[in-house]
*Asks:* 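I have a structure I would like to understand better, so I am pasting it below and will then ask my questions one at a time.
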Number of protein chains: 2
Amino acid sequence: MERLEIKKGQILQRKGDTNTKVYQVESGLLRSYSIDEKGKEHIFMFAPEDWLMADNVPADLPADLFIDALEDTVVITGAKDFDKGHDTVKLIKRIGALQKRVIMLMSASAAERYEHFLKTYPQITQRVPQRMIASYLGITPETLSRVRKA
Amino acid sequence: MERLEIKKGQILQRKGDTNTKVYQVESGLLRSYSIDEKGKEHIFMFAPEDWLMADNVPADLPADLFIDALEDTVVITGAKDFDKGHDTVKLIKRIGALQKRVIMLMSASAAERYEHFLKTYPQITQRVPQRMIASYLGITPETLSRVRKA
DNA sequence: TTTATTTCTTGACCTATATCAATGCATAGC
DNA sequence: GCTATGCATTGATATAGGTCAAGAAATAAA
């Protein structure tokens, strides 16, 4: 357990890295993302204050995601330790959020996704560029721009 | 905790129902799905033997998903009890699977999703109709048919 | 075995979103 | 203050997948 201060733009984890830590955000903003074989970024999650950032693959496998800071950020790092220190209620809430996200990705239009994002994460909306919101929603910046204009 | 035998086609839970149970599958096959405002079905998950079927919203809120049996099925029902009876390692694995699913929905083509499904769930492929696989993958039966033909 | 229903496939056409390029605006760096 | 870079918007075009309908095949029910 360790307290880290990192600068905007600094990378905490790259795909393929050993993957043994989780990051509790004290202040600032992290994101995790993957890069597909066309080189396109797909943001999996943002983590502002009080959120836990983790790459959810077992600690004995290489990382699936990049993790970096979108603002100067302070985190408390913890080891991935599956047998203790986890709040079951928080894990189940996270599963619930992912359930809704999967259903939305299968069924909602770009506009509907954006509307939902605005309502659910109004604070994050103010802190990240539009192109990152587009990436998180699974659409292009151009499509997001058109959706916002409509 | 109770052991239930249900018939193919029988519904265990409807959207809006009270939502206080989880279902451990002993034999058979369950699915959970939502219906969007156009009346279209979106399958969230299949649960064959040894899988746990749950609607991952808190027990004090109404259900988000329908759950029904695709075959004659035997389940052990349990109460949603967030403070005990949960295997943290299994919850984290489930989050990991959903993480990969979200990234795939944002970045993979229909063909890539189908290919991945075949590799990951070969047994389920044999037990459910194509139209349900399409629904789970977030594509239409016509698209799946064309992808398979290519 | 026959009939009814469901599922799958295919063709033709449509649509939501992607791609590409260009331009303007905002922000960062010097 | 100026220049460079990043971001957002817009137009034109392309594309992946959706929609609709019809017919064939498979499965279920009688």
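Just so it is clear, the structure is predicted and the values come from calculations on it, not from any experiment. Here is how names work: the chains are called A, B, and so on, in the same order as the sequence lines, proteins then strands, and each is numbered from 1.
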*Asks:* Just by protein heavy atoms under 4.0 Å, how would nucleotides 13-30 of chain C read 5' to 3' in B, S and -?
*Replies:* ----SSBBB---------
*Asks:* For B:K8, does the NZ atom sit with more than 12 other heavy atoms under 6.0 Å from it, leaving out its own atoms?
*Replies:* no
*Asks:* Look at the aromatic rings of B:F66 and B:Y33 and report parallel, tilted or perpendicular, splitting at 30° and 60°.
*Replies:* parallel
*Asks:* Separation of B:Q130 atom CD from D:dA25 atom C1', in whole Å?
*Replies:* 13 Å
*Asks:* Would you mind reading off the distance between B:K149 atom NZ and C:dG11 atom C1', rounded to a whole angstrom?
*Replies:* 9 Å
*Asks:* Provide, to the nearest angstrom, the distance between the OH atom belonging to A:Y114 and the P atom belonging to D:dA8.
*Replies:* 10 Å
*Asks:* Are B:F46 and B:Y121 an aromatic pair, judged by ring center distance below 6.0 Å?
*Replies:* no
*Asks:* For the helix from C:dT1-D:dA30 to C:dC30-D:dG1, what angle lies between the axis at the first five pairs and the axis at the last five pairs, to 10 degrees?
*Replies:* 60°
*Asks:* In whole Å, what is the span from the CD atom of B:E112 to the P atom of D:dA16?
*Replies:* 11 Å
*Asks:* Check the distance between D:dT27's P and B:E71's CD and give it to me in whole angstrom.
*Replies:* 15 Å
*Asks:* Expressed in angstrom and rounded to an integer, what is the separation of B:R148 atom CZ from C:dC8 atom C1'?
*Replies:* 9 Å
*Asks:* Quick one: pull up CG in A:L29 and CD in A:Q123 and give me the separation to the nearest 0.5 Å.
*Replies:* 11.0 Å
*Asks:* Ring pair (Phe, Tyr, Trp, His ring centres under 6.0 Å) with A:F44: which residues, sequence neighbours excluded?
*Replies:* none
*Asks:* Are the side chain of B:E49 and the backbone N or O of B:S27 linked by a donor-acceptor pair below 3.5 Å?
*Replies:* no
*Asks:* Would you say the side-chain atoms of B:D55 and B:Q13 include a donor-acceptor pair closer than 3.5 Å?
*Replies:* yes
*Asks:* For the side chain of A:R113 and the backbone of A:L137, is there at least one donor-acceptor N/O pair under 3.5 Å apart?
*Replies:* yes
